[in-house]
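Worksheet: one structure, shown below.
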Amino acid sequence: MSDKEISSHFIRTKIKKDLETGKYKTVETRFPPEPNGFLHIGHAKSICLNFGMADEFKGKCHLRMDDTNPVKEDLLFVEAIKKDVKWLGFDWKENLSFASDLYDFFYETAVNFIKKGKAYVCDLSFDQMREYRGTLTEPGKNSPYRDRTVEENLDLFEKMKKGEFEEGSKVLRLKIDMASPNLVMRDPAIYRIMKVPHYRTGDKWKVYPMYDFAQCLSDVKNGVTHSICTLEFENNRPLYDWILKESGIEAANGLPEQTEFARLNLSYTVLSKRKLIELVNKKIVEGWDDPRMPTIAGMRRRGIPPESIRNFCEKIGVAKKDSVVDAALFEHCVRDELNVNAKRRFCVLNPLKVVIENYEDDKEEIFDCLNHPGDESMGTRPVAFSKVIYIEKEDFLEDPPKKFFRLGPGREVRLRYAYIIKCVDYIKDENGEVTELRCTYDPLSRGGNAHDGRKIKGTIHWVSEKHGLDANVKIYDRLFNTENPGKGELEESLNPDSLKIIQNCKIEPSLKDAKPGERFQFERNGYFTADKDSDSDNRVFNLIITLRDQWEKISGKK
RNA sequence: UGGGGUGUCGCCAAGCGGAAAGGCACAGGGUUUUGAUCCCUGCAUGCGAAGGUUCGAAUCCUUCCACCCCAGCCA
């Protein structure tokens with residue numbers, strides 16, 4: 001990729017400047033997911049940004065599990081996250097860490113805050129706490145427990161840790177300013193009692209640190225310089241800075257600095273963890289890796305190449321403006337990648353039988369078909385041809401319009417790589433549905449070119465009845481019908497046709513042992529990959545994405 | 001009506017005082033044994049609005065408007 005393709009964004013500009021001015025000697029970033037769900041395309045933006053900046057400036061990027069809430073987190077998610085980051089093409093090397101590894105450090109730091117008179121144990125209930133906090137327009141008031149002595153606080157916090165108090169009865173708070181116009185600074189709670197075992201530390205702890213406390217401390221501890229997060233944490237930045245400064249911690253790389261960017265929103269899908277969990281729990285989709293999900297796992301199963309996700313993340317840019325990226329841009333990136341790398345194959349989705357009357361009954365011919373018409377280095381594969389073949393039902397019309405470049409009574413069409421055929425008759429069943437075509441072929445058109453130079457406008461794909469194999473194909477479409485399904489109930493905007501299963505499709509023999517992860521273009525139909533449930537007895541393909549279809553527009557307009 | 005942010009083409013997004021990049025989408029046209037790909041062409045006298053400063057403003061100043069975030073012992 002050449003430099004001119006990469007337009008700069010404000011974070012890259014900032015890092016460059018920080019390095020030039022010597023503010024930081026090195027760049028260390030981090031991607032800090034909470035292991036309470038699967039990663040999605042929105043996370044991919046953050047992953048590409050964080051790992052991307054580290055790579056570009058020869059720094060490091062940490063993968064840190066932000067696990068400070070034992071009731072939500074699970075090892076299952078940790079493993080899924082690691083798999084997804086790796087699949088996307090990033091390597092955290094030795095820099096994998098867990099906030100939970102730092103629990104002792106957090107605790108000691110909290111104790112130091114108490115000793116300095118900067119933190120206190122507060123007995124206010126949830127409701128009282130809310131009352132004392134004030135509102136957006138009115139200042140809060142000091143907690144009656146705010147002036148406990150250092151000794152008392154130390155003793156109480158120690159007892160909290162030992163589990164001597166009920167959950168919810170006490171919290172440890174920072175002593176900042178209850179009148180601050182920024183609610184985050186109104187004596188935020190940094191430790192709460194949770195008598196819940198943690199998936200990594202077991203039942204060692206009865207108190208757990210909260211986000212604001214753990215995030216900045218994890219960052220310094222990791223040696224992070226540029227702490228990149230999303231816009232909603234902008235209000236938390238003063239607290240991030242306050243904690244680091246007041247902690248007095250010396251950092252080899254200098255204190256980390258938080259920079260916020262706008263999270264990704266994509267039209268026609270949802271990216272909030274809550275909504276995604278809802279889709280899974282309500283069984284609207286088959287699971288986190290349902291190919292319709294915007295999760296990394298779903299996209300992987302769908303067949304979307306990781307390169308296209310990375311390219312997409314580069315194309316959308318990084319800024320501070322709330323925005324909704326057009327799903328069409330993502331689709332473009334997927335097609336762009338697949339067009340270059342997917343091998344071409346034949347698959348007839350809705351078979352219509354064609355008998356070539358003047359072709360010898362038992363004759364067979366093998367055609368060498370290009371794996372990629374634009375890239376000869378990808379080679380060829382042999383495809384067998386015979387008297388009876390299948391073509392797409394929609395490639396024949398009884399009464400075709402002038403612009404229909406396919407088959408109709410008396411019309412000619414080219415069978416790709418094979419022969420020119422002409423429809424001489426067709427058979428219908430009692431319902432009036434066309435069930436079989438009778439055609440003749442032009443023996444002098446072997447390979448597809450007419451000997452007399454006549455122009456054949458249409459070219460269609462085909463599969464030999466004798467040689468072809470059966471397959472089931474899952475045709476996926478967007479999960480939602482509305483641009484912003486995030487508003488309102490999910491059910492209201494679901495696309496009822498987001499999954500259609502087509503059975504008894506005909507595929508060419510070379511597709512027999514296609515494996516998940518191998519991606520093909522089924523010519524004229526779209527890009528497909530073998531599903532994880534596919535095997536050589538029961539082949540199942542997933543539609544990754546269709547080809548752009550000009551005909552759809554032309555015919556739709558008439 | 002507290003504080004923090006953001007407003008440049010339908011959707012993203014460069015630009016940072018010298019005179020509106022690029023991508024997607026869309027619309028034309030060309031090539032084509034995938035109605036795919038590819039290749040041309042078009043697409044903001046305008047930068048949320050109004051004033052002002054300047055020879056010159058999307059870029060500086062003033063006022064206004066719109067939208068987003070914050071009152072979890074979530075992250």
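The figures here come from the full heavy-atom set of this structure, side chains too, leaving out hydrogens, waters and symmetry mates. Residue numbering restarts at 1 for every chain, and letters A, B, ... go by the order of the sequence lines.
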Collect all protein-nucleotide pairs involving nucleotides 64-66 of chain B in which both atoms are nitrogen or oxygen and the distance is under 3.5 Å.
none

> Of the options A:R416, A:R344, A:H461, which is the one that meets A:E523 in a side-chain hydrogen bond (donor to acceptor under 3.5 Å, both in side chains)?
Replying inline: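 Per the side-chain hydrogen bond (donor to acceptor under 3.5 Å, both in side chains) rule, the option paired with A:E523 is A:R416, out of A:R416, A:R344, A:H461.
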> A:R524 and side-chain hydrogen bond (donor to acceptor under 3.5 Å, both in side chains): which partner among A:D395, A:T459, A:T546?
Replying inline: A:D395
>> For A:Y417, run the side chain to side chain contact (heavy atoms under 4.5 Å, CB included) check against A:D368, A:V383, A:L370 and tell me which one passes.
In response: A:L370
> Heavy-atom contacts under 4.0 Å between residues 37-46 of chain A and RNA chain B, which residues?
Replying inline: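 None - not one residue of the stretch has a heavy atom sitting under 4.0 Å from the strand.
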> Heavy atom of residues 340-352 of chain A under 4.0 Å from RNA chain B: which residues?
Replying inline: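 Only A:R344 qualify.
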>> From the set B:A13, B:G4, B:G35, return the single nucleotide nearest to any side-chain atom of A:S323.
In response: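 Side chain of A:S323 sits closest to B:A13.
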> Does any pair with a residue in residues 322-341 of chain A pass salt bridge (Lys or Arg N to Asp or Glu O under 4.0 Å), and if so which ones, sequence neighbours excluded?
Replying inline: A:E331-A:R478
> Can you list every pair that meets salt bridge (Lys or Arg N to Asp or Glu O under 4.0 Å) and has a residue in residues 229-244 of chain A, with sequence neighbours left out?
Replying inline: A:E232-A:R263, A:E234-A:K320, A:R237-A:E260
Would you list the atom pairs, donor with acceptor, under 3.5 Å between side chains in residues 120-128 of chain A and any protein atom, with sequence neighbours excluded?
from, atom 1, to, atom 2, distance (Å)
A:Y120, OH, A:D187, OD2, 2.6
A:D123, OD1, A:R148, NH2, 2.5
A:D123, OD2, A:R148, NH1, 3.4
A:D123, OD2, A:R148, NH2, 3.3
A:S125, OG, A:Q128, N, 3.2
A:S125, OG, A:Q128, NE2, 3.1
A:D127, OD1, A:R130, NH2, 3.2

>> For A:H198 and A:Y208, take the angle between the two ring planes, folded into 0 to 90°, and tell me which bin it lands in: parallel under 30, tilted 30 to 60, perpendicular over 60.
In response: parallel
> Who pairs with A:K315 by side-chain hydrogen bond (donor to acceptor under 3.5 Å, both in side chains), at least two apart in sequence or on another chain?
Replying inline: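 By the side-chain hydrogen bond (donor to acceptor under 3.5 Å, both in side chains) rule, A:K315 matches A:N311.
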> In chain order, what residues pass the side chain to side chain contact (heavy atoms under 4.5 Å, CB included) check against A:C216, with sequence neighbours excluded?
Replying inline: A:Y240, A:I243, A:L244
> Of all residues at least two apart in sequence or in a different chain, which pass the side chain to side chain contact (heavy atoms under 4.5 Å, CB included) check with A:K321?
Replying inline: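 With neighbours one apart ignored, the set is empty.
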>> Under the rule for salt bridge (Lys or Arg N to Asp or Glu O under 4.0 Å), what residues qualify as partners of A:D66, not counting sequence neighbours?
In response: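 With neighbours one apart ignored, the set is empty.
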>> Output one letter per nucleotide in nucleotides 67-75 of chain B: B when a protein non-hydrogen atom lies under 4.0 Å from the base, S when only the sugar-phosphate is that close, - when neither is.
In response: -SBBBSBSB
> Does B:A49 pair with anything, Watson-Crick or G-U wobble, both distances under 3.5 Å, and if so, with which nucleotide?
Replying inline: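 Partner of B:A49: B:U63.
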>> With salt bridge (charged side-chain N to carboxylate O under 4.0 Å, His left out) as the criterion, how do A:K553 and A:D549 come out once you've worked through the C-alpha distance, each side chain's angles and the decisive distance to 0.1 Å?
In response: CA-CA 7 Å; A:K553 282 178 192 167; A:D549 188 355; over 6 Å; no
> Whole Å only: how far is the NE2 atom of A:H9 from the P atom of B:G15?
Replying inline: 11 Å
> A:F396 versus A:C423: any side-chain heavy-atom pair under 4.5 Å?
Replying inline: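 Of all side-chain heavy-atom pairs linking A:C423 with A:F396, at least one is under 4.5 Å.
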> Does the side chain of A:K170 reach to within under 4.5 Å of the side chain of A:Y145, using non-hydrogen atoms?
Replying inline: no
Give me, pair by pair, the N or O atoms of the protein and of nucleotides 20-25 of chain B that are less than 3.5 Å apart, along with how far apart they are.
from, atom 1, to, atom 2, distance (Å)
B:C24, OP1, A:H332, NE2, 3.3

